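The sequence lines fix the lettering, A, B, ..., with proteins before strands; numbering per chain opens at 1. Predicted model only: the values in this text are computed from it and were never measured.
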There are 2 protein chains.
Amino acid sequence: MENFNAIPVFVAVAQQGGFSAAARELNISKSAVSKRITQLEEQLGVRLIHRTTRKLSLTEAGERYYEYSLQATRAAQQAEDAVGELQGDPRGLLRINAPMSFGRLHIAPLIAEFLQRYPHIQMDLVLDDNTLNIVEQGFDLAIRATRLPDSTLIARTLAPLRSVICAAPDYVFRTALTSPDSLKDENCLLYSYSADASIWAFSPQEQAGQTLQVKVSGNYRVNNSEALLSAILNGAGIGRLPSFAAAEYIRQGRLTQLFADYHMPVKTMYAVYPERHYMPAKVRAFLEFASEKLGKDTPHWDVGLF
Amino acid sequence: MENFNAIPVFVAVAQQGGFSAAARELNISKSAVSKRITQLEEQLGVRLIHRTTRKLSLTEAGERYYEYSLQATRAAQQAEDAVGELQGDPRGLLRINAPMSFGRLHIAPLIAEFLQRYPHIQMDLVLDDNTLNIVEQGFDLAIRATRLPDSTLIARTLAPLRSVICAAPDYVFRTALTSPDSLKDENCLLYSYSADASIWAFSPQEQAGQTLQVKVSGNYRVNNSEALLSAILNGAGIGRLPSFAAAEYIRQGRLTQLFADYHMPVKTMYAVYPERHYMPAKVRAFLEFASEKLGKDTPHWDVGLF
DNA sequence: ACTCTTAGTTGACTAAAACTCAACAATAGA
DNA sequence: TCTATTGTTGAGTTTTAGTCAACTAAGAGT
């Protein structure tokens with residue numbers, strides 16, 4: 001571990017993609033960087049960085065070394081932040097993973113105010129529908145519709161996730177829809193990520209016990225709820241949308257909600273984070289901020305609809 | 001991150017429990033240690049270590065700082081090991097968690113030869129029946145009878161876990177046992193960790209489908225299978241023991257196996273480890289070594305019994 | 001209670017790095 | 001071909017990390 005203080009230099013080079021760039025970031029001369037790396041390579045007995053004058057690439061050894069040195073620098077930064085948080089406001093890098101659509105529509109708009117309230121927090125928001133490995137990828141928090149069966153993660157309820165069946169007003173005008181059952185004969189657009197994409201379940205508001213399952217089909221299936229929304233707005237068919245995406249348009253009259261007198265299964269949006277001895281203040285701050293802004297029991301987008 | 005190279009010093013102090021001890025470990029003078037820590041505390045603006053001349057303790061800030069700095073030093077060490085493994089034999093610290101009894105009886109005896117075969121590996125074996133958080137506690141590998149529903153962990157089968165009903169020969173001599181059902185009236189000693197501690201299930205070897213569940217009871221219950229074994233050896237009653245603990249005594253005639261013509265539910269011992277982009281060679285080496293030594297299909301302790 | 005021993009701190013001093021600067025070779029792009 | 005920029009090298013300097021020795025404090029042993 002003689003190389004301990006070469007680690008931040010190596011990480012900077014790997015991230016910036018060059019010795020000179022790294023030198024600028026670290027506020028030292030490029031020759032200092034060059035020497036540090038050369039010396040590190042000598043001590044390890046391996047070349048970590050393949051140089052071709054203009055372009056850098058990590059060797060296989062470099063890749064592996066980077067994997068862990070990144071962890072090391074992150075941990076060091078967190079150590080500093082942790083003591084900083086003890087006697088001041090939340091600080092440090094906050095890495096959050098959120099689903100694409102929900103993130104764009106309801107998380108992204110919160111960020112500016114959040115960062116204003118907590119000026120020492122730096123945000124790294126990754127919008128991605130894939131379930132990333134929160135621990136390995138170094139996320140502090142993930143926002144997900146499923147609570148994973150992962151013993152090391154804690155899930156906290158953020159908001160209820162309701163679905164609505166809807167279509168463009170003129171599309172509705174052209175068809176005769178009497179009951180959910182008649183959806184079988186309509187062009188139903190599907191959101192590919194949901195597990196039960198093509199089976200839509202209803203229960204009449206009066207008799208909560210009874211459930212009606214309709215197997216629907218149509219000519220369009222897409223993995224992004226905003227893309228689905230846009231197709232429906234343009235009258236391509238009937239869709240089941242999350243209320244967080246559709247509610248606004250329903251209120252505006254640009255979408256017509258169908259079968260509002262039936263209940264549909266309600267899911268939950270969770271905030272998921274790794275169990276820790278001390279929860280970092282920056283994570284706590286975001287959780288409280290988001291819960292408050294979304295409106296826990298009835299989220300703001302559902303007001304007037306549910 | 002000016003303090004980066006103070007981190008290993010701080011970790012050494014925290015682990016060794018003193019400035020002088022840390023200085024000895026790091027091969028520097030104690031005044032150097034003192035100055036590094038003092039300077040670190042100045043830069044952070046907090047006292048990390050509470051000194052009372054003879055005894056050290058971490059302040060709250062120190063505790064938090066330690067939590068992350070330990071991660072940082074571990075990651076740095078792993079970075080080194082990772083490149084070392086690329087062009088040589090497996091190396092580095094290998095932290096393994098195993099259940100108490102199984103660990104003592106069948107893992108611990110393997111260690112000496114393993115370390116001899118891989119002289120650059122350093123072993124830290126923690127015998128503990130509690131399910132530790134493998135990621136957070138920095139374990140490379142855990143050996144467990146349950147495969148946790150943790151999405152970030154991989155479980156690999158190590159060996160089948162069979163149970164045997166047994167008692168001391170003179171205890172058997174004094175009682176009249178006809179069928180498993182008669183266990184109801186015997187003094188049955190229980191192992192407290194199993195989920196179904198007091199319900200023993202049997203199925204006749206001929207008719208595999210039929211299952212007989214016997215609810216047993218007795219005057220002793222203990223959470224350590226070796227303690228249970230010793231009570232049974234001394235004639236305290238009848239017990240259901242894992243074959244890995246009992247087999248040797250059955251062969252010696254010091255225990256009598258009962259109802260050998262019945263099958264009992266078979267569990268599995270797994271090796272559990274976190275999913276990684278590259279599996280460290282030291283982990284792979286241990287998995288192969290252990291699998292080979294235990295004897296995968298019929299583990300060596302079951303030879304002649306199953 | 002009185003040493004004795006060992007702990008952590010402090011200041012002056014030294015050795016060893018870490019860093020800069022300037023000159024240089026190599027190369028991608030204009 | 002020329003130019004701008006990159007990474008490397010060697011000499012020189014500054015900073016810093018370290019040692020050493022003296023000092024204070026307090027638990028352990030008798």
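Cation-pi geometry between R36(B) and F10(B) is not met at under 6.0 angstrom from the ring centre and within 45 degrees of the axis. By the 6.0 Å and 45° rule, R144(B) does not stack over the aromatic ring of Y270(B).
A salt bridge links R104(B) to E226(B): one of the charged nitrogens lies within less than 4.0 Å of a carboxylate oxygen. Salt bridge status for K293(B) with E113(B): present, with a side-chain N to carboxylate O gap under 4.0 Å.
For the pair L56(A) CG and dT5(D) P, the interatomic distance rounds to 17 Å; values are reported in whole Å. H50(B) has its NE2 atom 12 Å from the P atom of dT9(C), to the nearest Å. Rounded to an integer number of Å, the gap from CZ of F19(B) to P of dT19(D) is 15 Å. The CG-C1' distance, from L40(B) to dT16(D), rounds to 16 Å in whole Å. Rounded to a whole Å, the CZ atom of F4(A) is 18 Å from the C1' atom of dA18(C). Taking atom CD on Q16(B) and atom C1' on dA7(C), their separation rounds to 15 Å, with Å as the unit. Taking atom CG of residue N5(B) and atom C1' of nucleotide dT15(D), one finds them 13 Å apart after rounding to whole Å. Between R24(A) atom CZ and dC19(C) atom P the separation is 17 Å, expressed in whole Å.
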Exercise for the section: Would you sort out whether R51(A) and S57(A) count as a side-chain hydrogen bond (donor to acceptor under 3.5 Å, both in side chains), showing the intermediate values? Expected result: CA-CA 7 Å; R51(A) 297 119 157 128; S57(A) 60; over 6 Å; no
Exercise for the section: Begin from the C-alpha positions of I154(B) and V272(B) and carry the test side chain to side chain contact (heavy atoms under 4.5 Å, CB included) through to its verdict. Expected result: CA-CA 6 Å; I154(B) 297 175; V272(B) 177; over 6 Å; no
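For S20(A), a side-chain nitrogen or oxygen approaches OP1 or OP2 of dG7(D) to under 4.0 Å. For the pair R51(B) and dA7(C), the criterion of a side-chain N or O lying under 4.0 Å from OP1 or OP2 is not met.
No side-chain heavy atom of Q122(A) sits under 4.5 Å from any side-chain heavy atom of K282(A).
For the atom pair OG of S225(A) and CG of D129(A), the computed distance is 7.5 Å after rounding to the nearest 0.5 Å.
Classified by interplanar angle (parallel below 30°, tilted 30° to 60°, perpendicular above 60°), the ring pair F4(A)/F4(B) is parallel.
Less than 4.0 Å separates DNA chain C from at least one heavy atom of each of the following residues of residues 28-39 of chain B: K30(B), S31(B), S34(B), K35(B). Of all the residues in residues 60-70 of chain A, not one reaches under 4.0 Å from DNA chain C with any non-hydrogen atom.
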